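Everything below concerns the one structure shown next.
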Amino acid sequence: MNRLMTIAASICLLAACGEKPQTATGARSDAPAYTGTGKAFAEKNWKQGDKASWESQLKARGANSQNEYQRTN
């Protein structure tokens with residue numbers, strides 16, 4: 001019984017050593033958000049790469065859809 005417990009404990013310890021490294025893939029963190037993703041699924045009034053239209057879309061979204069006071073009144 002003691003030997004079985006030792007084998008089970010060593011298997012658990014070795015399983016923890018097999019974790020794969022986690023690397024960031026896909027999204028680029030060095031590009032500004034207003035540059036866009038290059039995909040066609042974007043807000044119709046926003047031009048990808050235009051910082052001014054990005055900021056105006058953020059303001060409009062904050063004022064219209066994410067303001068609970070205005071949504072309830």
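Hydrogens, waters and symmetry mates play no part in the numbers below; they use all other heavy atoms, side chains included. Positions are given from 1, in the same order as the sequence printed here. Since we're looking at a predicted model, the values are computed, not measured.
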### Value rounded to 0.5 Å, distance of CD1 in I7 from CG in N2
10.5 Å

### Task
Assess whether side-chain contact (heavy atoms from CB on, under 4.5 Å) is satisfied between W54 and L58, documenting all intermediate values.
CA-CA 6 Å; W54 170 262; L58 283 178; 3.4 Å; yes

### Task
Check side-chain contact (heavy atoms from CB on, under 4.5 Å) between L4 and all other residues, then give those that pass, not counting sequence neighbours.
none

#### Entry: Q48: partners by side-chain contact (heavy atoms from CB on, under 4.5 Å), with sequence neighbours left out
A42, W46

